[in-house]
Amino acid sequence: MEQRHLGRTGLRVSRIGLGTLTWGRDTDEHDAADMLKAFWEAGGTLVDTADVYGDGEAEYLLGRLIDGLVPRRDLVISTKAGSVPDPDRRFDGSRGHLLAALDASLGRLGTDHVDVWHVHAYDPFTPLEETLQALDLAVSSGRARYAGVSNFCGWQLAKAATWQLAAPGARTRLASTQMEYSLLQRGVEREVLPAAIDLGIGMLPSSPLGRGVLTGKYRNATPADSRGASEHLAPFVEPYLDDTASRIVDAVTTAADGLAVTPLQVALAWVRDRPGVAAPIVGARNAQQLTAALSVEALSLPDEICRALDDVSAPLHRYPDHDWSTL
């Protein structure tokens, strides 16, 4: 698998990442082992997790598989901290919480460091410089090699990255930002992606297949074994089952038929090769699904197909994103 630099850093990652959102909950150890081995054998390196996935079980499971199945040195492990199960405060970006969460993640993963550590979301109740200092301490102590953020909007990302760049050598530059990005969700193109490209931050798209909808599996009905039929994941899928999404899925399916490939391959190739993207994170349920996603490595979409998909999925961005004099 082709390797790409993560933002403006020396770290190289596989251009498709393996997500572990369902590990330890919907994905058992057997399926997780099959996926990790298939991913590694295909040349994949970037494995993404978080301290709250499966209430920590995803990290435990990944930790059990490291070395026994796949050498730790062959993986680029990314995890996140900051989400909390508190109805009054969904995110905690305080230095104390973040560093304690990192230590707990390292214990579950059974490693002395993670390769990339992300703040899971912006915390409006903690000074941003305090949150960012936790990243500096994690890197300077060797517990994390690189640092990034997740789910920061445009101004939050730009402010954080600029703060870090203001003291080169003393602060850790942001290597990456993880955001939802697909043909069904192009909101990051408004401000986040331009900021990331300008500041040298690599984009790691989550849900690159539109929460599974872009595979075409929901065109006629909801499969019984799909996330859309799952009690706890159905609300996650439902927003992308509207008429607008249906038109985009139809276009993806038409393109796939014309190229003699699958809708999954078309949708994944589109987001993988967008400007600023380092590696989409694919969250497969089993090795068969992952293998189907990894088959995209040999596919590059023709320019005319990309333009057609761009047109049918284009979000409505007007002032101030476009030249105001043309409005």
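Predicted model, so just to flag it, every value in this text is computed and none were measured. Position 1 is the first residue of the sequence; numbering continues from there.
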List the steps, then state whether side chain to side chain contact (heavy atoms under 4.5 Å, CB included) holds for L268 with L299.
CA-CA 10 Å; L268 190 54; L299 176 65; over 6 Å; no
Other residues, nucleotides, ligands: >12 heavy atoms within 6.0 Å of R90 CZ
no
Non-neighbouring partners of Y60 that pass side-chain contact (heavy atoms from CB on, under 4.5 Å), sequence neighbours left out:
E57, R64, R108
Look at atom CD of Q288 and say whether more than 12 heavy atoms of other residues, nucleotides or ligands are closer to it than 6.0 Å.
no
Are any side-chain N or O atoms of Q178 and backbone N or O atoms of S150, one a donor and one an acceptor, separated by less than 3.5 Å?
no
Output all residues satisfying side-chain contact (heavy atoms from CB on, under 4.5 Å) with Q289, sequence neighbours left out; order by chain, then residue number.
K217, A284, R285, N286
Under 4.5 Å between any side-chain heavy atoms of R12 and H5, yes or no?
yes
Report yes or no: do V271 and M1 belong to one cluster of Ile/Leu/Val/Met/Phe/Trp/Tyr joined by side chain heavy-atom distances under 4.5 Å?
yes
Residues in ring pair (Phe, Tyr, Trp, His ring centres under 6.0 Å) with Y53, at least two apart?
none
Hey, could you give me the CG/CG distance between D31 and L36, rounded to the nearest 0.5 Å?
12.5 Å
Test your reading of the model: is there a side-chain donor-acceptor pair from R15 to the backbone of E297, 3.5 Å cut-off?
yes
Those residues that, when tested against P302, pass side-chain contact (heavy atoms from CB on, under 4.5 Å) (two or more places apart):
L259, E304, I305
Show which residues join V76 in its hydrophobic cluster (side-chain heavy-atom contacts under 4.5 Å, direct or indirect), or state none.
L6, L11, V13, L46, V116, Y146, L204, I281
Report whether I197 and L157 are members of the same hydrophobic cluster (ILVMFWY, side-chain heavy atoms less than 4.5 Å apart, transitive linking).
yes
Are W23 and L18 close enough that some pair of their side-chain heavy atoms sits under 4.5 Å apart?
yes
Quick check against the 3.5 Å criterion: does S83 have a side-chain atom that pairs as donor or acceptor with the backbone of V52?
no
From the list V282, D34, V70, V47, side chain to side chain contact (heavy atoms under 4.5 Å, CB included) with F39 holds only for V47
Show me the side-chain donor-acceptor pairs of residues 162-170 shorter than 3.5 Å, one per line, residues at least two apart or across chains.
residue	atom	partner	partner atom	Å
T162	OG1	A158	O	2.7
Q164	NE2	D136	OD1	2.9
Q164	NE2	T172	O	2.7

Given side chain to side chain contact (heavy atoms under 4.5 Å, CB included), test T27 with L61 step by step and report yes or no.
CA-CA 10 Å; T27 301; L61 185 47; 5.6 Å; no
Testing the basics here: between L214 and A267, what is the closest heavy-atom pair and its distance to 0.1 Å?
CB-CB, 3.8 Å
Any donor-acceptor pair under 3.5 Å linking the side-chain atoms of S207 with those of Q185?
no
So, D92 and S94: side-chain donor and acceptor under 3.5 Å apart, yes or no?
yes
Euclidean distance, L98 CG relative to D103 CG, rounded to 0.5 Å
11.0 Å
Side-chain contact, heavy-atom cut-off 4.5 Å: E189 with R274?
yes
Within the 4.5 Å heavy-atom criterion, are T111 and I66 side-chain neighbours or not?
no
State plainly whether the residues R219 and D250 are in salt-bridge range, i.e. N to O under 4.0 Å.
yes
Between V312 and Y240, is there a shared hydrophobic cluster once you connect ILVMFWY residues whose side-chain heavy atoms come closer than 4.5 Å?
no
Could you tell me which residues satisfy salt bridge (Lys or Arg N to Asp or Glu O under 4.0 Å) with D123, sequence neighbours excluded, listed by chain and number?
R89
The criterion is salt bridge (Lys or Arg N to Asp or Glu O under 4.0 Å); which residues satisfy it with D51, sequence neighbours excluded?
none
Could you tell me if the side chain of V249 sits less than 4.5 Å from the side chain of P263, heavy atoms only?
no
Testing the basics here: between L69 and A33, what is the closest heavy-atom pair and its distance to 0.1 Å?
CD2-O, 3.3 Å
Does S140 have any side chain to side chain donor-acceptor pair (under 3.5 Å) partners at least two apart in sequence or in another chain, and if so, which?
none
In the hydrophobic cluster built from side-chain contacts under 4.5 Å, what are the other members alongside F125?
none
Heavy atoms only: give me the nearest K80-W117 pair and the separation to one decimal.
C-NE1, 4.3 Å
Under a 3.5 Å distance rule, please check whether Q156 uses its side chain to pair with a backbone N or O of C153 as donor and acceptor.
yes
Please check if atom CG in D55 has more than 12 non-hydrogen atoms from other residues, nucleotides or ligands closer than 6.0 Å.
no
As an exercise, state the distance from OG1 of T79 to CG of L102, rounded to the nearest 0.5 Å.
8.5 Å
Between the CG atom in D273 and the SG atom in C306, the distance rounded to the nearest 0.5 Å is 7.5 Å
Say whether, by atom type as modelled, one donor and one acceptor occur between the side chain of R72 and the main chain of L75 under 3.5 angstrom.
yes
For Y181, the ring pair (Phe, Tyr, Trp, His ring centres under 6.0 Å) test, sequence neighbours excluded, returns W270
Quick one: closest heavy-atom pair of D48 and T20, and the distance?
O-OG1, 2.9 Å
Going by heavy atoms in the side chains, are S300 and R272 under 4.5 Å from each other?
yes
Supply the atom-to-atom distance E129 CD to K159 NZ, rounded to the nearest 0.5 angstrom.
7.0 Å
What about I248 and L241, same hydrophobic cluster or not, with Ile/Leu/Val/Met/Phe/Trp/Tyr joined at side-chain heavy-atom distances under 4.5 Å?
yes
Inter-residue atom distance L132.CG - R95.CZ, 0.5 Å rounding
11.5 Å
Can you find a pair of side-chain heavy atoms, one from Y122 and one from T131, that are under 4.5 Å apart?
no
Applying a strict under-4.5 Å side-chain criterion to I, L, V, M, F, W and Y, I'd like to know whether M179 and I16 cluster together.
yes
Taking the side chain from D115 and the backbone from S78, do they hold a donor-acceptor pair closer than 3.5 Å?
no
Step by step, work out the side chain to side chain contact (heavy atoms under 4.5 Å, CB included) result for I201 and F152.
CA-CA 12 Å; I201 299 169; F152 276 41; over 6 Å; no
Is there a donor-acceptor contact under 3.5 Å linking the side chains of T49 and E59?
no
Minimum-distance pair of heavy atoms, taken over all atoms of R8 and D198:
NH2-O, 3.5 Å
Can you find a heavy atom in the side chain of L199 that is under 4.5 Å from one in the side chain of L174?
no
Can you give me the closest heavy-atom contact between R186 and S313, atom names plus distance?
NH1-OG, 2.8 Å
Quick test of your reading: applying salt bridge (Lys or Arg N to Asp or Glu O under 4.0 Å), list the pairs with at least one residue in residues 160-183, sequence neighbours left out, ordered by first then second residue.
E180-R211
Between the main-chain N or O of S14 and the side-chain N or O of T45, is there a donor-acceptor pair closer than 3.5 Å?
yes
